[in-house]
Amino acid sequence: MHQAKNQWKFPESPVLTDEFRKLIQERGLSEAIAKLLWQRNIREPEALELFLNPQLTDLYDPFLFYDMDKVVVRLQQAIADGERILVYGDYDADGITSSTVMKEALELMGADVTVYLPNRFTDGYGPNLDVYRQQIESGIQLIVTVDNGVSGHAAIDFANSQGVDVIVTDHHELPAELPNAYGIIHPRHPKGQYPFGDLAGVGVAFKVACALLDEVPLEFMDLAAIGTIADMVSLTDENRVMVSIGLQMIKQTERIGLQELFRAAQSKITDVDETMIGFAISPRLNAVGRLGDPNPAVTLLTTFDEEEARQLAGSLNTINEERKALVAAITEEAMGMLDPNSPIHLVAGRNWHEGVLGIVAGRILRSTGKPAIVLTIKEDGICKGSGRSIEALNLYQMLDGMRDLFTSFGGHHAAVGLSLPQENLAELKQRMGDYLDEQKLDLTTGEELLIDGEVKVTDITLPFIESLAVLAPFGTDNPLPRFALKATGTTVLRQIGANQQHLKMAVVDDSSADALDVIGFDFGSEIEEFKGEAFTLVGEFTINEWNGVKKPQMQLVDFQVTGLQLFDFRGKKNVRLFNPTKATLLLAFNRLSRSLDSQFGESIYRYRGAEQLQQTLTADNYQEIAFLDCPEDPTLIKEVLQQAQINRVMFVLEAHDDAYLDGIGTREQYARLFKLIAAQPRLDIRNKLPEIAGYLHLPPKLLIFMIQVFFDLKFVTISDGVLQREPTAEKKALESSKLYASRLKKIKSEEFLLLSDPGTLKAWLMS
């Protein structure tokens with residue numbers, strides 16, 4: 001049995017009203033699309049029209065923001081008086097696009113504008129007191145923050161003391177006390193009533209631009225779409241409008257820097273959609289701020305110099321490749337440090353690049369279904385990094401009550417940045433556990449995963465997948481529809497990718513003999529899970545085009561396997577793939593080979609009976625059992641499984657003494673050995689065993705067993721490695737030896753356990 005990483009939630013069967021059916025039919029949409037819209041609570045005529053056909057007129061009045069009138073007047077005054085204005089941004093894609101929008105909007109009004117994006121490593125996130133001091137000393141007279149500022153008390157107080165006003169435009173979590181800024185433009189301002197609270201930083205900057213210019217500036221909607229998608233805010237309501245129209249504007253953008261960035265990413269700008277932005281464009285904008293100075297990204301988006309644009313786009317692409325290599329290396333190391341029993345993963349490593357730790361935390365979250373905090377340990381003993389969380393846990397809220405442990409902290413529900421002394425790590429872990437207990441939060445079942453319905457292979461056609469596009473753009477709160485499919489097996493199953501980290505397979509079910517292609521990014525390590533007879537997949541459907549041929553494809557999101565699972569690691573080739581975890585009970589019945597013993601050592605449990613086994617099972621939370629060798633009686637395996645109540649079984653089944661392969665020895669072989677012993681008064685079996693085995697034409701392990709049988713029957717004596725015949729030995733049948741009888745049982749056991757196919761063994765275990 002393999003548990004899903006997430007909590008699967010299926011919708012109730014929708015009961016569509018006649019009115020809604022009529023609306024759907026008038027638009028020529030299918031019953032399947034109707035159900036999806038209904039499940040997403042798009043049920044009224046107005047909501048349906050807004051969802052399917054977003055227009056500029058659907059944007060809200062920017063003056064509904066608290067402080068917007070005041071801020072616009074102050075900006076107009078600054079422009080009229082020729083004040084030097086600083087746009088102080090952030091180093092991620094949202095901050096880069098926000099800064100560009102604000103800069104260009106002010107420049108259109110004739111302002112004297114300078115942009116400063118803080119360096120993640122020297123300035124940190126948000127208003128930096130030293131930077132503010134330097135900028136004010138250089139002549140800055142007004143500061144406008146974008147995508148930051150609501151937590152910048154110290155820097156803003158300093159600016160006020162110098163007679164410099166600060167206008168904050170931000171969308172992050174609001175602290176209990178707001179800074180003493182001239183004006184704060186925030187969609188969730190406690191004194192405001194803006195209709196939509198989930199704007200990204202670029203969305204807030206765009207609304208300021210709308211108010212300042214007294215129109216909707218279409219030329220900024222390309223950036224509004226990129227920043228909104230990159231920041232993974234809710235793609236509903238006003239964000240859906242901006243992204244839908246913004247994607248169309250990107251196709252006709254005149255920004256040569258953006259055009260060059262698409263070329264560097266080998267992406268066709270005419271085919272742009274939210275997926276292309278999310279996987280090709282925003283990572284390149286984010287990468288420059290993760291690894292160094294983000295300011296060249298603003299230059300790229302605003303330049304009119306084609307050569308400069310080409311060089312900057314190439315530079316961002318190179319930096320992104322470096323970022324990907326760092327992420328891969330740190331992720332691999334961090335995954336090896338995880339405790340599978342921990343509800344929140346907290347890992348810290350030395351010399352990890354702090355700029356990519358948020359991505360690593362996100363990968364751990366997706367891989368395990370649990371929140372993750374990933375930190376790098378600096379030389380001064382300070383740990384710095386990022387956390388990512390699931391819907392069930394407000395990470396910001398939890399850690400906000402532990403600020404006494406941190407030297408810096410900020411973020412929102414699902415993502416945080418923090419730093420703390422290394423000696424506080426243990427207490428942080430303890431207090432997080434206490435918080436979960438107090439709040440009665442169970443994170444072991446993973447995040448809730450909404451599934452839109454169940455399908456069969458025959459349902460997944462090109463027209464069906466193409467019809468889903470009417471629901472785009474997809475993102476947070478409007479995900480690409482996910483479906484569950486019960487597969488009966490695979491016709492193709494292999495690992496792909498530079499490090500074999502991805503999975504490629506073709507699955508079949510009981511609806512068709514045809515197979516459906518499935519791609520599982522970062523599922524490569526779980527290839528063994530799909531070698532059984534049945535499993536259920538949850539995924540999203542896309543169209544894979546190769547050499548002009550289009551085929552339906554599922555992108556794997558999660559999966560589960562119910563019932564007994566048998567993993568076959570028998571034989572030298574398969575045992576190399578054996579990779580147990582802390583949740584694996586390594587069980588041995590006999591003495592193991594040196595290789596297995598040295599590899600797993602003290603982790604091996606030596607079977608000593610049912611009572612001792614129960615004590616071990618009670619003490620540890622084992623989720624799978626690996627049988628390392630063959631017992632004398634195979635039914636002992638079934639008894640262990642019945643006692644353990646574990647449905648994940650791994651068969652390594654090493655046969656250390658090769659009983660089945662070498663056999664028990666023929667009477668003629670025993671006669672030859674006896675004849676040699678009778679002819680030689682003393683045999684040095686300690687040092688001459690290989691020569692004796694060669695002379696008798698016997699496998700060395702079989703020869704050792706035959707000598708043990710003679711010793712058991714008292715035909716010989718062995719002293720200090722020297723074998724001698726016992727002249728007064730009583731004549732006995734070979735079968736009277738307990739060793740001989742035991743070997744016969746072992747041969748039958750190994751014959752069954754080592755030669756039976758996995759299907760036969762699984763049926764035997766279940767019988």
Side-chain angles (χ1 to χ4, degrees), residues 1-3 338-343 444 528 561 563-571 574-575 577-660 701 704-705 708 712 737-754 756 758 760-767:
M1 182 174 185
H2 181 282
Q3 294 281 3
L338 300 184
D339 176 0
N341 297 319
S342 178
T444 59
E528 296 295 326
V561 186
L564 178 70
Q565 283 182 278
L566 177 63
F567 301 93
D568 187 8
F569 297 107
R570 296 173 297 171
N574 290 334
V575 77
L577 304 174
F578 180 53
N579 186 28
T581 69
K582 293 179 181 178
T584 311
L585 174 60
L586 302 172
L587 190 148
F589 297 100
N590 308 293
R591 185 167 60 93
L592 296 173
S593 67
R594 186 176 300 172
S595 61
L596 279 180
D597 236 341
S598 61
Q599 188 174 358
F600 301 114
E602 295 179 0
S603 299
I604 298 172
Y605 171 76
R606 309 286 174 171
Y607 184 75
R608 297 182 300 277
E611 186 176 341
Q612 289 89 340
L613 175 61
Q614 190 58 52
Q615 292 174 1
T616 299
L617 293 170
T618 303
D620 293 283
N621 183 28
Y622 290 112
Q623 298 169 17
E624 54 194 23
I625 294 182
F627 292 98
L628 300 182
D629 63 345
C630 299
E632 187 176 292
D633 183 354
T635 58
L636 190 53
I637 289 177
K638 296 176 75 170
E639 291 173 10
V640 169
L641 288 178
Q642 186 175 9
Q643 182 179 356
Q645 295 295 298
I646 291 176
N647 283 325
R648 290 174 60 80
V649 183
M650 300 176 173
F651 273 179
V652 177
L653 298 181
E654 177 188 73
H656 177 49
D657 55 4
D658 296 331
Y660 174 73
K701 289 182 180 179
I704 292 170
F705 169 72
Q708 289 171 337
D712 185 42
S737 165
K738 290 182 179 179
L739 288 176
Y740 193 92
S742 175
R743 176 92 165 188
L744 283 173
K745 288 182 179 180
K746 204 166 192 179
I747 288 173
K748 289 182 180 180
S749 175
E750 289 183 7
E751 180 180 15
F752 173 67
L753 293 173
L754 298 179
S756 297
T760 299
L761 289 172
K762 184 175 179 180
W764 169 73
L765 288 174
M766 295 175 66
S767 65

inquiry  = The test is side chain to side chain contact (heavy atoms under 4.5 Å, CB included); show your working for Phe752 and Leu761 and say whether it passes.
reply    = CA-CA 9 Å; Phe752 173 67; Leu761 289 172; 4.0 Å; yes

ask   = Which is it for Met650 and Phe578 under the side chain to side chain contact (heavy atoms under 4.5 Å, CB included) test, yes or no, and what are the steps along the way?
value = CA-CA 9 Å; Met650 300 176 173; Phe578 180 53; 3.5 Å; yes

request  = Apply side chain to side chain contact (heavy atoms under 4.5 Å, CB included) to the pair Arg606 and Leu592, showing each step before the final yes or no.
outcome  = CA-CA 10 Å; Arg606 309 286 174 171; Leu592 296 173; 4.0 Å; yes

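For Lys745, the NZ atom counts as loosely surrounded, since its 6.0 Å shell holds 12 or fewer non-hydrogen atoms of other residues, nucleotides or ligands. Shown here is Lys701, whose NZ atom has more than 12 heavy atoms of other residues, nucleotides or ligands within 6.0 Å. Residue Gln3 places its CD atom among 12 or fewer non-hydrogen atoms of other residues, nucleotides or ligands, all under 6.0 Å distant. The local environment of CZ in Arg594 is sparse, with at most 12 non-hydrogen atoms from other residues, nucleotides or ligands closer than 6.0 Å.
A pairwise comparison of heavy atoms in Phe600 and Pro580 identifies CE2-CG, 3.5 Å as the closest pair. Residues Ala659 and Glu750 come closest through the heavy atom pair N-OE1, 3.4 Å. Smallest separation of non-hydrogen atoms from Phe567 and Glu528: CE2-O, 3.5 Å. Closest non-hydrogen pair, Leu566 versus Lys762, comes out as CD2-N, 3.9 Å. Shortest non-hydrogen contact noted between Asn590 and Pro631 is ND2-CA, 4.4 Å. Counting all heavy atoms, side chain and backbone alike, Ala610 lies closest to Gln643 at O-NE2, 2.7 Å.
For the side-chain contact (heavy atoms from CB on, under 4.5 Å) criterion with Leu628, the lone passing option out of Ile604, Leu653, Leu587 is Ile604.
Distance alone, capped at 3.5 Å, places no donor-acceptor pair between the Ser742 side chain and the Leu739 backbone. Counting only distance, with no hydrogens or angles, the side chain of Asp712 and the backbone of Ser737 share no donor-acceptor pair below 3.5 Å.
The shortest side-chain heavy-atom distance between Gln642 and Lys638 does not fall under the 4.5 Å cut-off.
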